[in-house]
Amino acid sequence: MTKPLMAKATAVWLVDNTTLSFKQIADFCGMHELEVQGIADGDVATGVKGFDPVASSQLDQGEIEKGEKDPGYKLKLKFNAAATGEEKRRGPRYTPLSKRQDRPAAILWLVRFHPELADAQIAKLVGTTKPTIATIRERTHWNIQNIQPIDPVALGLCRQTELDAAVQKAAKKKAAEGGLMTDDERRKLVSTEQSLGMGTEPRMPSSIAGLENFSLSQSDADERPAKDFSDAESFFNLPDADDEDDEDEDDNKR
């Protein structure tokens with residue numbers, strides 16, 4: 001269910017002005033029951049001014065009355081055009097302080113193993129900014145020598161489903177542009193589940209690519225004159241014995 005505008009302030013108003021249960025208020029405002037109980041105890045939302053959902057045309061007074069009579073009744077939010085898209089996240093993802101130091105390693109992993117991802121996609125996945133991504137790409141980051149690429153899913157910065165969705169989106173965009181993809185790029189542009197289900201394909205190393213049609217025919221081998229290397233002297237091209245004797249005689253005459 002869509003949350004009301006200013007959900008926490010609405011919960012404060014409902015706690016102060018109605019006898020609804022914590023569960024009813026939590027379900028209506030999209031909060032946890034214990035958080036609503038904390039509002040009632042004064043431990044949560046201290047200093048937050050209540051926001052009247054009836055005056056803002058988000059809730060009918062009749063809904064409140066039904067809820068007060070029946071603790072199991074769920075309040076129904078009135079349609080409000082101003083509340084459309086309120087839950088949509090704007091800006092980069094929030095990253096906890098304990099994991100912010102891991103973002104450069106995640107960015108380097110995405111840049112290296114998924115170069116097809118745009119900077120905007122990486123910023124959304126990891127919760128960073130485009131200038132930071134640019135420094136990682138250009139290797140001008142102040143700590144680039146000590147950064148090791150680590151999967152952002154393993155670091156807990158994003159979910160595997162979110163990463164797969166971003167990769168699939170990049171694949172569709174590249175296919176629409178008509179770009180040619182190598183085997184390595186094609187493997188990177190599939191989800192983890194699809195890549196695990198793919199069979200192994202024989203691949204030729206890129207260093208000898210283009211030699212797959214090369215063959216040494218039998219006719220070429222037959223045209224070469226056969227040599228007899230059964231004699232060791234002929235194999236090493238040793239001089240004849242007569243020539244050696246002539247050279248010895250010349251030396252004696254001198």
Side-chain angles (χ1 to χ4, degrees), residues 1-100 102-103 106 117-130 132 152-153 155-170 172-173 191 193:
M1 183 179 65
T2 305
K3 293 181 182 179
L5 291 173
M6 301 177 63
K8 186 168 292 187
T10 301
V12 172
W13 189 92
L14 292 174
V15 168
D16 295 338
N17 297 276
T18 67
T19 58
L20 295 170
S21 65
F22 296 155
K23 182 71 166 58
Q24 288 174 309
I25 298 175
D27 292 340
F28 179 73
C29 297
M31 302 169 64
H32 195 277
E33 185 176 354
L34 294 178
E35 189 175 2
V36 178
Q37 183 177 353
I39 293 175
D41 295 338
D43 299 330
V44 180
T46 303
V48 175
K49 185 179 180 180
F51 183 70
D52 188 352
V54 178
S56 59
S57 298
Q58 298 186 91
L59 185 65
D60 288 331
Q61 184 63 36
E63 289 290 310
I64 296 178
E65 295 175 357
K66 291 179 181 179
E68 290 176 338
K69 294 178 181 179
D70 182 9
Y73 182 78
K74 292 187 177 182
L75 303 178
K76 297 179 182 179
L77 179 68
K78 291 177 63 177
F79 175 76
N80 189 349
T84 303
E86 180 66 17
E87 292 184 343
K88 184 177 180 181
R89 184 175 63 247
R90 296 180 176 89
R93 177 196 302 270
Y94 173 76
T95 305
L97 292 174
S98 60
K99 294 185 178 181
R100 291 184 183 180
D102 297 330
R103 284 188 296 192
L117 292 176
D119 289 353
Q121 291 178 301
I122 297 177
K124 186 176 181 181
L125 286 171
V126 182
T128 184
T129 59
K130 292 183 178 180
T132 303
V153 178
L155 293 173
L157 295 175
C158 68
R159 300 176 182 175
Q160 185 65 53
T161 54
E162 294 173 339
L163 178 59
D164 291 343
V167 172
Q168 289 293 334
K169 186 176 180 180
K172 293 180 180 179
K173 183 177 180 181
S191 64
E193 296 180 357

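Source: prediction; values computed, not measured.
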Which atom pairs, donor and acceptor, lie under 3.5 Å between side-chain atoms of residues 30-39 and protein residues at least two apart or in another chain?
from	atom 1	to	atom 2	distance (Å)
His32	ND1	Leu34	N	3.0

Could you check if a side-chain atom of [X] sits within less than 4.5 angstrom of a side-chain atom of [Y], using non-hydrogen atoms only?
X      : Y      : result
Gln58  : Leu77  : yes
Phe28  : Leu59  : yes
Val153 : Arg159 : no
Leu14  : Cys29  : yes

Quick check for you: to the nearest 0.5 Å, what is the distance between [X] atom [atom1] and [Y] atom [atom2]?
X      : Y      : atom1 : atom2 : result
Leu163 : Gln168 : CG    : CD    : 10.5 Å
Leu125 : Leu117 : CG    : CG    : 7.0 Å
Thr19  : Lys69  : OG1   : NZ    : 11.0 Å
Leu20  : Ile64  : CG    : CD1   : 6.5 Å

Exercise for the section: Quick one: closest heavy-atom pair of Lys49 and Ala9, and the distance? Expected result: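 Shortest heavy-atom contact: O-CB, 3.4 Å.
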
Problem - Exercise: identify the closest heavy-atom pair between Gly67 and Leu75 - result: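 It is CA-CD2, 4.4 Å.
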
Exercise for the section: Kindly say whether Tyr73 contributes a backbone atom to a donor-acceptor pair with the side chain of Gln24 at under 3.5 angstrom? Expected result: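 Pair found, side chain donor or acceptor close to backbone of Tyr73.
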
Problem - Any donor-acceptor N/O pair, Arg103 side chain to Gly127 backbone, under 3.5 Å - result: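 Such a contact is found between Arg103 side chain and Gly127 backbone.
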
Handout entry: Partner residues of Asp60 under the salt bridge (Lys or Arg N to Asp or Glu O under 4.0 Å) criterion, sequence neighbours left out
Key =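 Asp60: salt bridge (Lys or Arg N to Asp or Glu O under 4.0 Å) contacts with Lys78.
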
Handout entry: All pairs passing salt bridge (Lys or Arg N to Asp or Glu O under 4.0 Å) where residues 38-48 contributes a residue, at least two apart
Key =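 Of all non-adjacent pairs touching residues 38-48, none passes salt bridge (Lys or Arg N to Asp or Glu O under 4.0 Å).
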
Handout entry: Where at least one partner belongs to residues 13-23, residue pairs that pass salt bridge (Lys or Arg N to Asp or Glu O under 4.0 Å), sequence neighbours excluded
Key =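 Matches after skipping sequence neighbours: Lys23-Asp27.
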
Practice task
Output all residues satisfying side chain to side chain contact (heavy atoms under 4.5 Å, CB included) with Ala40, sequence neighbours left out; order by chain, then residue number.
Solution key: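 Ala40 satisfies side chain to side chain contact (heavy atoms under 4.5 Å, CB included) with Val15, Phe22 only.
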
Handout entry: With Asp52 via side chain to side chain contact (heavy atoms under 4.5 Å, CB included) - residues at least two apart
Key =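 Asp52 satisfies side chain to side chain contact (heavy atoms under 4.5 Å, CB included) with Trp13, Val54, Ala55 once adjacent residues are dropped.
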
